[in-house]
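To find a chain, count down the sequence lines: A is the first, B the second, and so on, and within it residues start at 1. Here the structure is a predicted model, which is why all the values come from computation and not from measurement.
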Amino acid sequence: MGLRRHVIGASALVLGASVALVGVASTSQASTETPGSAFGLAADGPVAIKPVPAVVSPGGQLARRSLIEQPENAIIVAKALSVAADSQHSQASAADVRTLKDEISAGAISARCEGGQGVSRIANARVAGRPIESKPAPNTTVPVTLEKVGTASVTFNKQVRGADGRLAVTGMAITVPTPGGKTQTIDVAKAMCGTADNGDTSSIDGGVDHGDIGSIDGDTRSTDGVVDDGDDISTAVRDDKVTKEAPAPVPAEVNLPVAG
Amino acid sequence: MSGRVSFARISVVVALILLATGLGVTLAMGTTFLPHATTFERLQGVPRDAHPFAEGTGAVVHPTSSRVVYARPGGSPMAVLPSTQLGNPTWVPVVETAPGWVRVLLPSRPNRATGWISGTGGGLQVARTPYLIKVERAARRLTIFRSGRVIGRWTVAVGAPTTPTPLGRTFLLAALSKTGQGFGSVVLPTGTHSKSLDTYGGGPGTVAFHGWPDKTVFGKAVSHGCVRAPDSALSALSRVPLGTLVIITR
């Protein structure tokens, strides 16, 4: 009981400090009706975990939720899951995260989304024994070779901007291939905020690729009719058995200065 | 038992306080991160395209999530291929296969960069493009083929002698409708880059197909490496699937 009080107290300290910070930052942002949202942990694939705890700011009001420990599952341990969101800001954090047989661990992970801008912080994280920087650049990806499984990828500070301008910031996103052909994903500390007004899909600043610009949860552009059944694609290509025609492109409103 | 709980409690509280205050200890010594294979990157140690004028397999693949790229099948990871490029879904051409693996052209420097990605385990869509695009520099000619038949041919502007359009095969990387350079309604970046301009206009020197307001440039070698094309050519190009090979010859 004492432990719970301390964890909740610490989480409130984090959220209180963050909300105070974003409150100051929000004065220069355009107002918006789109609520922020956040969750602490979610997984999809052979092991599915619905987002917990999850929060959506009701009517722009500040909302918070906390969870001492995630529901028992086969792939990940995480504690002190806390989320908060209001009209323009959202934040998620987790502590004592361990997954994939402890090949990936972190003392704490947080993601914060403010007015369409994102930041993540990582404390005491290790991937296959290698230490991870506490302030990783957006979309910092580290491969992990898992025996009998294949190569998983771990992305820290994953930042994905949707076609509507909303930004999704995930402290740690893991993708694991599985023998059945499905992909197992694990997202820890995900925060979403912003609107088309304060998001910017029209330019890529400073030559930095923000990764998955154009989609929040996978591509929003249709690729119907192409093969993705987990079979060995190299065989189909080698035997010239790829018959589905690739889709025509849909121009994106992105500014890339080209050579001219 | 109580001592262990106390230690765990303290660890959690300290970690959360670090996050709250924005403090953190940099622990990155010795860590190597994989670069993303995008038009903005220069990749190290990548294998080059061994057949830069071949017409390829016609197969293109799309990673539905970020995918690790290797220098050879089962070798060392060297990059990550993201699922999108410039707001478009990533489609890259397959130029070679090995059991369980496909070798693809990459959109990063150096030109003709390739890499191997796993062809198993799902998360990779494969399709066929019946199109092929050829640019003949000396003839200033752009030709689009579909299933081996010419569907359009245009006189275009190519790179000036000091800023030539790079030779070899590359691919359509993206379709952009808002570029801010006055190059027409659509710009089609490719996976190759100017060899003489490291940057241009704040971008990474990406070679693209685009329009030009002065029609007198067509038929001349005057550009900074891009292929300036008439509107009808751009209209036809904008219907060609991403990942389609672009072969640039003398």
Under 4.5 Å heavy-atom distance to chain A, tell me which part of [X] shows up: side chain, backbone, both or neither.
X: Ala98(B); result: backbone
X: Tyr70(B); result: side chain
X: Ser223(B); result: both
X: Val68(B); result: side chain
X: Arg228(B); result: side chain

Counting heavy-atom pairs under 4.5 Å to chain A, which of Leu172(B), Leu242(B), Leu197(B), Thr244(B) comes out on top?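 Highest number of pairs under 4.5 Å: Leu242(B).
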Looking at Val240(B), Val60(B), Thr129(B), Val207(B), which makes the most heavy-atom pairs under 4.5 Å with chain A?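 So the answer, after comparing Val240(B), Val60(B), Thr129(B), Val207(B), is Val240(B).
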Considering all heavy atoms, the nearest [X]-[Y] contact:
X: Val250(A); Y: Asn88(B); result: O-OD1, 3.6 Å
X: Pro257(A); Y: Pro204(B); result: O-CD, 4.3 Å
X: Arg239(B); Y: Ala248(A); result: O-CB, 3.7 Å
X: Pro249(A); Y: Ser238(B); result: CG-O, 3.3 Å
X: Cys226(B); Y: Ala259(A); result: SG-N, 3.5 Å

How long is the span from the CG atom in Leu124(B) to the OG atom in Ser234(A), to the nearest 0.5 Å?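 Leu124(B) CG to Ser234(A) OG: 10.5 Å, rounded to 0.5 Å.
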Atom CG in Leu256(A), atom OG1 in Thr206(B): separation rounded to 0.5 Å?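 Rounded to the nearest 0.5 Å, the CG-OG1 separation comes to 4.5 Å.
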Val258(A) and its side chain to side chain contact (heavy atoms under 4.5 Å, CB included) partner, picked from Val187(B), Thr190(B), Leu188(B):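 The passing option is Val187(B).
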Looking at Asp240(A), Val242(A), Val237(A), which hits side chain to side chain contact (heavy atoms under 4.5 Å, CB included) with Arg128(B)?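 Filter result, single survivor: Val242(A).
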If we ignore hydrogens and angles and just use 3.5 Å, is the side chain of Asp232(A) paired with the main-chain N or O of Thr120(B) as donor and acceptor?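 The answer is no, because no donor-acceptor pair under 3.5 Å joins these two groups.
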Could you tell me which portion of Thr155(A) (side chain, backbone, both or neither) has an atom closer than 4.5 angstrom to a non-hydrogen atom of chain B?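 Looking at Thr155(A), nothing touches chain B.
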Need one label for Thr235(A): side chain, backbone, both or neither, based on atoms under 4.5 Å from any heavy atom in chain B.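 It is neither, since no heavy atom gets under 4.5 Å.
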Pro247(A) versus Trp91(B): any side-chain heavy-atom pair under 4.5 Å?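 Yes, at least one pair of side-chain atoms sits under 4.5 Å.
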Above 12 or not: heavy atoms from other molecules or residues under 6.0 Å from CZ of Arg98(A)?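 Open: at most 12 neighbouring heavy atoms sit under 6.0 Å from CZ of Arg98(A).
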